[in-house]
Amino acid sequence: MSTPRPFAGFEWQIAWGYLRARRREGGVSVMSIISLLGVSLAVFALIATLAVRSGFRAEFVATILGANAHATIYSNGVIDEFGFVDKRIGDYQMLADRLESLEGVTRAAPLVKRQVMATGNGRNAGVEVYGLSPQDVATVPLVRAPEQALGNLDRLSEGGVALGMNLARNLQLSLGDSITLISPDGVQTAFGTSPRINSYEIVYLFQVGRFDIDSTRLYMPLAEAQSFFNAEGVVDEIEVMVLQPEAVEAQVGALTSSAGAPYFVWTWQDSSSSFLRALKMEDNIMFVILSILVIVATLNIVSGLIMLVKNKGRDIGILRTMGLSEGSILRVFFICGASIGVIGTAIGVVLGCLFAIYIDPIFAGVNWMLGGGVWDPSVRYLSALPARLEWGDVLSAVALSLGLSFTITYFPARRAARMNPVEALRYE
């Protein structure tokens, strides 16, 4: 008599019969359903959380890279004729041309960057002014193609300004209105420094999706910014854009060498390092916490299998006396537990992927049911809840769920296989 091959058809039939049997027939179908739902929900929660986590980081990084420099060149300062340290950059166009000639650099733009007070309709707000040439402003990705935009960015060359929609909303201003800027660094008089006050027409409104940018940023032509801030012939920094912003650290050496003394380089990863570290820490903690949910869900499979082995003791004894080996009995009960894990994981993957794909309408429905206000962009800095489905996250969730399901299923299945048929039939 030949030994049956592992996981033969009859082993699957016996396992399927046990899984669908009712409790009064010695089965644990209700327990199987509970275990199945537990695994499904745990995998769904894991994939959904990983998708939101990945989407949050990708959205956060995209808005940083889309509206800010990938690297910035600053001056350590030089001592002027009066003994003061001047950190402004005088030979900015030559420096920008030299940096832009480097391999991997797409743009090097001189920038005047200052903070002023803006007023409109009796309201005040702090504003961060970016003085760039109109051609350079047009190359900022999230300003050129933001979430929402009003007006014509080309009119910036006519002396107008572009600002975030939240800033305009706070000042109750709209396209075509004038915004008044007040700078304490104004005209020098015999009685001290007089604040400089100028009004500019709003020619372009944008919303990039980050609350801090949409609520504070204003772009004006470089020449106008130099005039307004008494910075004729100088700039505050050089903005550098590169082809691979995620790998900008690898280009710091070349940028530093090309800039020379007394300049130094500050990358977007340096300025956002605290945020990136926080996101990374959150990633690890959330994965560990949700992995515990998967472990708890798979433990239900163990309890169900233990009950099944206890209820099917007589059947195990009969099957052993009929010639089934310990390996066949082990595989029968392993199939019972592993099938719950596989089916539950598959259902959880489908639900998690659907949630990540259709998160916008789902979240809109939840927000509507709770009366709105669930997502506050002023706190989270993003205008919408992001989700990004990455196959690496899905595979991690699948590997965790199946690995736990297969591992813990083995032990009750092994106990069933080692059951003595004489003991199992003694009281039958």
Are any of the side-chain heavy atoms of I238 and L99 separated by less than 4.5 Å?
yes

Any donor-acceptor pair under 3.5 Å from T106 side chain to M241 backbone
yes

With distance as the sole test, does E390 use its side chain to make a donor-acceptor pair with the main-chain N or O of A51 at under 3.5 Å?
no

Applied to residues 399-409, the side chain to side chain donor-acceptor pair (under 3.5 Å) test, sequence neighbours excluded, yields T345-S401

I'd like to know whether T72 forms a side chain to side chain contact (heavy atoms under 4.5 Å, CB included) with V265, so could you lay out the CA-CA distance, the side-chain angles of the two residues, the decisive distance to 0.1 Å, and finally the verdict.
CA-CA 6 Å; T72 305; V265 180; over 6 Å; no

Ring pair (Phe, Tyr, Trp, His ring centres under 6.0 Å) involving F411 - partner list, sequence neighbours excluded
none

Distance check, rounded to the nearest 0.5 Å: L95 atom CG versus Y92 atom OH?
11.5 Å

Mind checking whether L255 and V105 have side chains closer than 4.5 Å, heavy atoms only?
yes

Backbone of N124 reached by a side-chain donor or acceptor of T119 within 3.5 Å:
no

Close side-chain approach of V129 and V112, heavy atoms under 4.5 Å
no

Any non-hydrogen side-chain atom of I202 less than 4.5 Å from a side-chain atom of S178?
no

Does atom CZ (R98) have a neighbourhood of more than 12 heavy atoms from anything else shown, all under 6.0 Å?
yes

Looking at G348 and V43, what are the two nearest heavy atoms and their distance?
C-CG1, 3.8 Å

Check the side chains of E239 and Y130 for a donor-acceptor pair under 3.5 angstrom, ignoring hydrogens and angles.
no

Gap between atom CZ of F44 and atom CG of L354 - 0.5 Å precision:
9.5 Å

Grab the two heavy atoms, one from L132 and one from A109, that are nearest each other, plus how far apart they are.
CD2-CB, 3.9 Å

Using a 3.5 Å distance criterion without hydrogens, assess whether the side chain of N68 forms a donor-acceptor pair with backbone atoms of W268.
no

Rounded to the nearest 0.5 Å, what's the gap from CG on L163 to CG on L173? Could you check?
7.5 Å

Main chain of E246, side chain of Q269: is a donor-acceptor contact present, judged purely on distance under 3.5 Å?
yes

Spell out, as yes or no, whether a donor-acceptor pair under 3.5 Å connects the side chain of H70 to the backbone of V240.
no

Write out all pairs satisfying side chain to side chain donor-acceptor pair (under 3.5 Å) with one or both partners inside residues 132-143, taking only residues at least two apart or from two chains.
R107-T139, S133-D136

Do V349 and V394 make a side-chain contact, defined as non-hydrogen atoms from C-beta onward lying under 4.5 Å apart?
yes

Could you state the interatomic distance from CD1 (I340) to CD1 (I33), rounded to the nearest 0.5 Å?
9.5 Å

Going by salt bridge (charged side-chain N to carboxylate O under 4.0 Å, His left out), name the residues that satisfy it together with R155, two or more places apart in sequence or in a different chain.
E158, E201

Note, L171 side chain near I179 side chain (heavy atom, < 4.5 Å):
yes

Residues in ring pair (Phe, Tyr, Trp, His ring centres under 6.0 Å) contact with Y410, at least two apart in sequence or another chain:
none

For K280, enumerate each residue passing the salt bridge (charged side-chain N to carboxylate O under 4.0 Å, His left out) test, keeping only those at least two apart in sequence or located in another chain.
none

D236/R88 salt bridge by N-O under 4.0 Å criterion
no

Scanning both residues in full, the closest heavy-atom pair of G159 with Y200 reads O-CD2, 3.7 Å

Full working for side chain to side chain contact (heavy atoms under 4.5 Å, CB included) between N198 and L181
CA-CA 5 Å; N198 278 1; L181 303 182; 5.5 Å; no

In plain terms, say whether R217 and D212 are close enough for a salt bridge, that is, a side-chain N and a carboxylate O under 4.0 Å apart.
no

So which atom in L167 and which in A125 form the shortest heavy-atom distance, rounded to 0.1 Å?
CD1-CB, 3.8 Å

Taking atom CD of E103 as the centre, does the number of heavy atoms from other residues, nucleotides or ligands within less than 6.0 Å exceed 12?
no

Under the 3.5 angstrom rule, does the side chain of S227 hit a backbone N or O of A223 as a donor-acceptor pair?
no

Using the side chain to side chain contact (heavy atoms under 4.5 Å, CB included) rule, take L156 and M220 through it: C-alpha gap first, then chi angles, then the decisive distance, then the call.
CA-CA 7 Å; L156 203 66; M220 68 166 53; 5.7 Å; no

When you measure from the side chain of S157 to the backbone N and O of D154, does any donor-acceptor pair fall under 3.5 Å?
yes

Within a strict 4.5 Å, meaning less than it, do heavy atoms of the I182 and V116 side chains meet?
no

Measure the shortest side-chain to side-chain distance between V143 and Y219 over non-hydrogen atoms and say whether it is less than 4.5 angstrom.
yes

No-hydrogen, no-angle side-chain donor-acceptor test under 3.5 Å, N170 and S215
no

Tightest non-hydrogen contact, residues I347 and S40, listed as CB-OG, 3.5 Å

Are there over 12 heavy-atom neighbours, none belonging to Y358, within less than 6.0 Å of that residue's OH?
no

Could you go through V302 and T298, starting from their C-alpha distance and side-chain angles, then the distance that decides it, and tell me whether this counts as side chain to side chain contact (heavy atoms under 4.5 Å, CB included)?
CA-CA 7 Å; V302 176; T298 53; over 6 Å; no

Point-to-point distance, once rounded to the nearest 0.5 Å, from CG of L41 to CG of L46:
12.5 Å

Treating Y204 as the side-chain partner and L175 as the backbone partner, does any N or O pair qualify as donor plus acceptor under 3.5 Å?
no

In Å and rounded to the nearest 0.5 Å, what is the CG to CG distance from L395 to L400?
12.5 Å

Do you know the tightest heavy-atom contact between A387 and I359?
CB-CD1, 3.6 Å

Look only at the side chain of D177 and the backbone of S174, and say whether a donor-acceptor pair between them is shorter than 3.5 Å.
yes

